Amino acid sequence: MRKLMPLTKRLVFLSLVFSTLLGFPDIDAVAADSILSDRVDAVSGDPTASSSGTKVRLGLLDFEFESSYLSRVEDIQATVLKHLQASTPGIVIEPRYYKTKDLAEAVRKGEVEFFLGSSGFFVEMRPYGVRDIGTIVSSSFPDPNQCVAGVIFVRNSRTDLQTIADLEHRTATATDPRNFMTYQIGMGEIAKAGYNPDSFFRRTIFTDSEPQKVVENVLSGKADVGFLRACMLEAMERRNPQWLGKLRVINERTGPRAERLGCHYSTDMYPGWTFAVTPHTPPILTRHVATALLSLDPKSTPSGFEVSFATDYARVNDLLKTLRIGPYAYLREWTLSGFLKVSWPFLMLAAALAFAWILHWLRLETLVRQRTAELEKAWDRERIAEAQARKAADKIDRMHCVSVVGELSSIFAHELGQPLSVMRYLTRSLGVLMKKPDPDRKLVEECVGGLQKQITHAAEILERVRKYAKQGA
């Protein structure tokens, strides 16, 4: 690389670097620009470089012209291009105009060194290595994180369309599905309202990046609702006075921001125009252009533009993710890798829940086993106690039987003792009488009658005891 630079120019270049670092302003600007041109040529090998300077290709959108703004002086692209062309000697800024889709392809193929586009387009291109080096702001909106919004509008005569909910299943019209400011911001508001942006409208008519046709589609009734960037509507109404009073904004925002903007708008605000550099651009060229860009004095621009740095691209990223477009287009493809990219947090949560459930199940199983063992031990103790109780009951029953038998024995002994004693005496008396040669017949008959009477009495006692046994008493 050094062989491509003459020794003298190399020394001048080093002097320029040291003088810049040390703050010496007396280095010859012409020599510095010459060194810069040779340095860029040596690094990039750009075949478009010529003796007049190094050509730098700046990608711009081909529909962002006067019709997009209130007046010619507010054309941001023309303002920035003119400033860079005037403040970068030794570099030829060559504008190249593209449709949004074509500009994305040019960035991917390395056909441009820089581009000026929406913050949404910049975030979409970030996976390809682009870096932002400035965001356009104005005195009305000095916050680079909140510079641009979208407007949703209908014909004023459509009294049936008052809110976002009334737009469902209608026909919409917009410039291009890839345009962040004129379409995607508005669709983000649809999603924010709780609707599915993919199925909210019956159909959407795109005008191939022609904003004026969007208004014409709404006014002619070809579409029910239109999407544009804030302030575009007012710009076209000024150029077409016959449209004044015929359009009405849906979901209109009010307050100090709306007053500062001076235009009707319907959505949240996002970072505005972003100036970015592609990864193949030499660093020294990037530094030179960035320095020139930051030197843009709002007082020297007709509409007061200047360059700042946006720091909150997260909301833009969230919007693209919600709409599943740009770097999140894979969310629409149900492939295994896409599914894993989308669902890995839920899969991790499911795995954690499954692991927790397994631990809970193991703990519960252990507790069940412990409780079962305790119940089995308690059941064994209960069976032993029941067996002991049965043994005790049997013993008590036997004791009761013995007691009953003893009581019955006493009853028999008491009840049968008297008739048996009488029968014994009568039998003895009968024996004595029968030993006499001439027994007294009358006495013998009395003894026999007494025996019969006592036998009958004993039988009655036995029958009475038998009745007690039958009754269970």
Side-chain angles (χ1 to χ4, degrees), residues 60-83 97 99-100 116-118 136-142 146-158 161 172-176 179-183 185-186 189 205-267 269-270 272-273 298-306:
L60 300 170
L61 296 174
D62 68 347
F63 71 93
E64 291 293 341
F65 292 109
E66 185 176 358
S67 62
S68 301
Y69 301 91
L70 296 178
S71 64
R72 167 62 70 179
V73 297
E74 293 178 341
D75 191 335
I76 293 177
Q77 291 192 143
T79 302
V80 173
L81 176 61
K82 183 178 179 181
H83 170 73
Y97 296 97
K99 297 290 177 65
T100 305
L116 179 60
S118 66
I136 306 299
V137 296
S138 66
S139 57
S140 299
F141 281 87
Q146 299 188 36
C147 290
V148 69
V151 60
I152 306 172
F153 61 95
V154 298
R155 288 200 316 275
N156 199 18
S157 60
R158 292 295 301 271
L161 303 179
T173 182
T175 59
D176 190 292
N179 194 293
F180 180 74
M181 296 182 181
T182 61
Y183 179 66
I185 290 179
E189 203 66 22
I205 303 171
F206 295 105
T207 64
D208 195 23
S209 300
E210 296 188 33
Q212 185 161 327
K213 283 189 177 181
V214 174
V215 179
E216 292 173 352
N217 287 340
V218 174
L219 291 174
S220 65
K222 189 175 181 180
D224 301 298
V225 55
F227 289 83
L228 286 175
R229 190 184 70 244
C231 294
M232 274 187 170
L233 200 58
E234 286 80 1
M236 285 183 282
E237 284 179 337
R238 286 192 180 185
R239 289 172 178 78
N240 298 274
Q242 70 274 17
W243 292 351
L244 289 173
K246 294 184 178 181
L247 298 172
R248 173 167 41 85
V249 174
I250 297 293
N251 197 48
E252 183 174 1
R253 304 296 181 91
T254 58
R257 287 181 181 174
E259 294 175 1
R260 288 199 305 270
L261 184 62
C263 306
H264 300 288
Y265 70 101
S266 311
T267 69
M269 305 198 78
Y270 295 87
W273 289 95
K299 296 180 181 179
S300 65
T301 60
S303 50
F305 296 133
E306 61 180 324

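As a basis for the values below, the full set of heavy atoms in this structure was taken, side chains included, without hydrogen atoms, waters or symmetry mates. Computed from a predicted structure; not experimentally measured.
- At least one donor-acceptor pair closer than 3.5 Å links the side chain of N240 to the backbone N or O of M236.
- For R155, there are no salt bridge (Lys or Arg N to Asp or Glu O under 4.0 Å) partners at least two apart in sequence or on another chain.
- The CD1 atom of I76 sits 7.5 Å away from the CG atom of L116 when rounded to the nearest 0.5 Å.
- N217 contributes atom CG, which lies 8.5 Å from atom NZ of K213 (distance to the nearest 0.5 angstrom).
- The distance from the CD atom of E306 to the OG atom of S138 is 8.5 Å, given to the nearest 0.5 Å.
- Looking at Q146 and R257, their side chains do bring a donor and an acceptor atom within 3.5 Å of each other.
- Looking at P211 and L228, their side chains come closer than 4.5 Å, going by heavy atoms from C-beta outward.
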Start with the C-alpha distance between M232 and T182, add both sets of side-chain angles, then the distance that settles side chain to side chain contact (heavy atoms under 4.5 Å, CB included), and finish with yes or no. CA-CA 9 Å; M232 274 187 170; T182 61; 3.9 Å; yes
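- With hydrogens and angles ignored, the 3.5 Å screen pairs a side-chain donor or acceptor of Q77 with a backbone N or O of L61.
- Under the 3.5 Å distance criterion, the side-chain polar atoms of D62 are left unmatched by any main-chain donor or acceptor of Y97.
- D224 places none of its side-chain heavy atoms less than 4.5 Å from the side chain of V154.
- Separating the OG atom in S118 from the CH2 atom in W273 is a distance of 7.0 Å, to the nearest 0.5 Å.
- In this structure, OH on Y265 lies 11.5 Å from CD1 on I185, to the nearest 0.5 angstrom.
- L233 is listed as a side-chain neighbour of L247, based on a closest heavy-atom distance under 4.5 Å.
- Checking N251 against S266 by side-chain atom types alone, no donor-acceptor pair falls below 3.5 Å.
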I'd like to know whether K99 forms a side chain to side chain contact (heavy atoms under 4.5 Å, CB included) with D208, so could you lay out the CA-CA distance, the side-chain angles of the two residues, the decisive distance to 0.1 Å, and finally the verdict. CA-CA 8 Å; K99 297 290 177 65; D208 195 23; 3.3 Å; yes
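- A172 meets the side chain to side chain contact (heavy atoms under 4.5 Å, CB included) test with F201, T204, V225, F227; sequence neighbours excluded.
- Checked by atom type and distance alone, the side chain of E234 pairs as donor or acceptor with a backbone atom of H264 at under 3.5 Å.
- No side-chain heavy atom of I205 sits under 4.5 Å from any side-chain heavy atom of V214.
- Between the side chains of T175 and S209, no donor-acceptor pair is found at a separation under 3.5 Å.
- Counting only distance, with no hydrogens or angles, the side chain of R248 and the backbone of R158 share a donor-acceptor pair below 3.5 Å.
- Residues V215 and F153 form a side-chain contact, since some pair of their non-hydrogen atoms from C-beta on lies under 4.5 Å apart.
- Summarising the geometry of V137 relative to C147, their closest heavy-atom pair is CG1-SG, 3.8 Å, with the distance given to 0.1 Å.
- Looking at every heavy atom in both residues, Y183 comes nearest to D176 through CB-O, 3.5 Å.
- The line from CH2 of W243 to CD of E237 is 8.5 Å long, rounded to the nearest 0.5 Å.
- Considering only heavy atoms from C-beta on, R229 stays 4.5 Å or farther from V151 through its side chain.
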